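Before any comments, here is the structure.
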Amino acid sequence: MDKNQWSIETMAVQGEYWPENAKARVMPIEMSTTFRYNTCEELASVFDLEQDTPMYTRLANPTTDVFEKKMALMEGGVGALATSSGMAAVTLAVMNVCKQGDSILASNTIYGGSYTVFTTTFKDMGIEAIMFDPDIPEDEILALAKPNTKLIYGETLGNPLANVLDFDKFKSVADKLGIPFFVDNTFATPYLCRSFEFGANVVIHSTSKYLDGHAVALGGVVVDGGNFNWDNGKFPQMVEPDESYHGLSYSKNFGKAAFITKARVQLMRNFGMTPSPFNTWLTNLGCESLHVRMQRHCENALKIAQFLENSDMCAWVEYPGLKSSKYYELGQKYLPKGQSGVMTFGVKGGRDASRKFINALKMVALVTHVADTRTCVLQPASTTHRQLSDEELIKCGISPDMIRLSVGIENADDIIADFKQAFEKCK
Ligand SMILES: *Cc1c(COP(=O)(O)O)cnc(C)c1O
């Protein structure tokens with residue numbers, strides 16, 4: 001059976017490593033910066049991108065290559081590039097199509113780190129981020145676009161609001177403007193949402209979250225859907241000769257894989273945001289149980305959300321799996337298998353009560369992380385979104401009492417018991 005026909009569970013476990021006779025059954029870690037060649041001529045052809053073999057780990061490594069191919073397979077893309085962190089993936093993906101004088105359209109409910117890099121560092125580099133509320137109608141988004149706008153950006157599930165992206169609306173905007181649609185699919189993972197099937201052109205992940213799944217390895221990945229026509233006059237850097245490769249053209253020489261090839265051979269070569277093969281090995285290992293973990297994350301999260309909704313100590317809870325959520329319909333449409341383990345809620349009594357609740361937890365930990373096996377909490381206003389002004393916080397929908405909860409894969413009853421005892425201490 002063609003591996004592209006496998007179900008996602010089989011892809012997660014088996015993709016993309018198969019040993020030669022009598023070789024290690026488990027993908028080995030090739031912890032080598034460099035690779036030996038027989039002749040100068042052969043190595044020269046690797047440098048000219050005529051031969052696709054590794055020569056230096058900043059550009060490609062056999063262990064990382066297996067993980068990248070697995071990600072491309074699971075997402076249904078034409079290629080992937082692993083990075084040292086999720087932020088590196090976000091930065092590299094945007095830089096791959098934008099230069100000084102360009103602008104991007106981005107949802108304002110994205111991860112705080114992405115919001116900050118877009119509105120500060122990119123601004124310093126002469127790239128303007130036009131941030132907008134992702135729930136506004138299509139014509140209002142279109143009205144914000146400029147002739148220099150080069151992409152539209154959103155998160156399948158926003159971090160931390162877990163608001164569901166309206167793929168159809170974003171795709172329609174992208175089509176009308178002739179620009180690619182970038183999706184950060186970190187919270188959904190390809191198990192819950194295969195974004196290319198809903199019109200995305202480039203998918204980004206922080207693999208530090210559910211893909212690794214155990215909170216051991218920082219990483220990111222950019223996946224190319226191979227489904228955007230770069231030769232539409234707006235993206236000369238994809239079409240015109242790259243002098244740093246003797247005049248090669250990415251769209252002409254690499255066709256559907258133009259975006260991801262340029263990201264690797266030009267930007268990864270120049271910036272070196274390369275992951276360690278050890279980290280991609282760990283992330284690949286985590287991926288093997290992605291489908292099993294995601295099922296339990298979603299199942300537990302729904303139970304906890306329902307518990308919170310019925311608790312008289314909880315002021316409000318927002319989880320797209322709850323029928324009361326304004327994102328319920330979008331969640332059923334784009335994430336029918338489940339809506340991840342992330343949700344937000346507030347404790348009655350405001351900012352102070354929420355702080356007391358967090359301090360009283362015994363098993364559930366306060367950490368700057370989400371989306372791993374262990375249930376954890378965080379107060380975004382005082383941590384991840386600390387760099388944002390009060391005005392920006394409100395614009396991003398973050399209230400001072402908000403607790404971001406990431407439900408793990410423990411027994412849900414034990415999580416509820418910890419919450420109950422912590423609520424008691426807030427009375
Ligand atoms: C965590 C996160 C990032 C940044 O990833 P790092 O691996 O921490 O650099 C980007 N996007 C989303 C949605 C995230 O949750």
Side-chain angles (χ1 to χ4, degrees), residues 64 67 71 75 80-95 104 106-122 129 131 134 151 153-165 170 182-193 195 200 202-223 271-276 278-280 282-283 286-287 294 297 320 334-335 339-344 367-372 376-378 380 383-388 396-398 402 404-407:
T64 301
F67 168 65
M71 286 310 303
E75 285 285 9
L81 176 64
T83 57
S84 51
S85 70
M87 285 315 300
V90 170
T91 302
L92 195 137
V94 173
M95 299 267 329
I104 67 171
S107 156
N108 67 9
T109 58
I110 55 174
Y111 174 67
S114 305
Y115 189 103
T116 304
V117 74
F118 288 174
T119 55
T120 61
T121 309
F122 278 15
M131 309 301 292
L151 63 94
Y153 188 102
E155 289 177 359
T156 309
L157 282 161
N159 178 355
L161 299 179
N163 50 322
V164 182
L165 185 70
F170 273 57
F182 281 36
V183 172
D184 182 332
N185 200 30
T186 298
F187 279 4
T189 80
Y191 175 71
L192 297 179
C193 181
S195 309
V202 172
V203 166
I204 295 156
H205 287 279
S206 164
T207 64
S208 322
K209 315 294 165 55
Y210 287 123
L211 291 172
D212 154 27
H214 301 76
V216 291
L218 210 67
V221 70
V222 182
V223 191
F271 289 147
M273 302 152 157
T274 315
S276 161
F278 183 51
N279 275 13
T280 51
L282 285 168
T283 307
C287 275
M294 290 314 289
H297 280 295
Y334 298 114
L335 303 146
Q339 297 79 36
S340 95
V342 182
M343 70 188 74
T344 54
V367 297
T368 310
H369 199 247
V370 275
D372 68 77
C376 60
V377 290
L378 183 90
T383 55
T384 49
H385 288 63
R386 212 181 162 76
Q387 313 306 329
L388 272 58
C396 303
I398 291 168
M402 177 186 287
R404 178 180 74 182
L405 165 64
S406 170
V407 177

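A quick note: this is a predicted structure, and the numbers were derived from the prediction, not measured. Whatever order the structure lists them in is the order used to number ligands and atoms, beginning at 1.
Annotation for ligand 1: atoms under 4.0 Å from non-hydrogen atoms of Met87 are 4 (C), 5 (O), 6 (P), 9 (O). Within ligand 1, the atoms closer than 4.0 Å to a non-hydrogen atom of Ser85 are 7 (O), 9 (O), numbered from 1 in the order shown. The Ser208 neighbourhood of ligand 1 comprises atoms 6 (P), 7 (O), with distances under 4.0 Å to a heavy atom of that residue. Near Glu155, the atoms of ligand 1 lying under 4.0 angstrom from a non-hydrogen atom of the residue are 13 (C).
Closest to atom 4 (C) of ligand 1, if we only count protein heavy atoms, is Tyr111 CE2, 3.4 Å. Of all protein heavy atoms, the one closest to atom 5 (O) of ligand 1 is Ser206 OG, 3.0 Å. Nearest protein neighbour of atom 14 (C) of ligand 1, counting heavy atoms only, is Lys209 NZ, 2.9 Å. At the top of the distance list for atom 11 (N) of ligand 1, counting protein heavy atoms only, stands Asp184 OD2, 2.7 Å. Summary of contacts: the protein heavy atom closest to atom 6 (P) of ligand 1 is Gly86 N, 3.3 Å.
Glu155 and Tyr111 make their closest contact through OE2-N, 2.8 Å (heavy atoms, listed as atom of the first residue, atom of the second, distance). Of all heavy-atom pairs between Ser406 and Ala371, the closest is OG-N, 2.7 Å.
How far OG of Ser340 is from CG of Asn159: 9.5 Å, rounded to the nearest 0.5 Å.
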In a table with atom names and distances, give each donor-acceptor pair under 3.5 Å that connects a side chain of residues 210-222 to protein atoms at least two apart or in another chain.
residue: Tyr210; atom: OH; partner: Gly341; partner atom: N; Å: 2.8
residue: Asp212; atom: OD1; partner: His214; partner atom: N; Å: 3.3
residue: Asp212; atom: OD2; partner: Ala215; partner atom: N; Å: 3.3
residue: Asp212; atom: OD2; partner: Val216; partner atom: N; Å: 2.9
residue: Asp212; atom: OD2; partner: Ala217; partner atom: N; Å: 3.1
residue: His214; atom: ND1; partner: Asp212; partner atom: O; Å: 2.8

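Side-chain rings of Tyr153 and Phe118 approach one another, their centers coming within less than 6.0 Å.
Under the 4.0 angstrom criterion for non-hydrogen atoms, Gly219 is in contact with ligand 1.
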**OP:** With side-chain contact (heavy atoms from CB on, under 4.5 Å) as the test, would you mind laying out the steps for Tyr334 and Thr156 before giving the verdict?
**Re:** CA-CA 9 Å; Tyr334 298 114; Thr156 309; 5.8 Å; no
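A donor-acceptor pair is defined here as one N or O able to donate and one able to accept, closer than 3.5 Å; such a pair exists between the side chain of Thr119 and the backbone of Tyr115.
Looking at ligand 1, you won't find any N or O of Phe187 less than 3.5 Å from one of its N or O atoms.
A search for ring-ring contact (aromatic ring centres under 6.0 Å, His included) contacts involving Phe187 returns nothing, not counting sequence neighbours.
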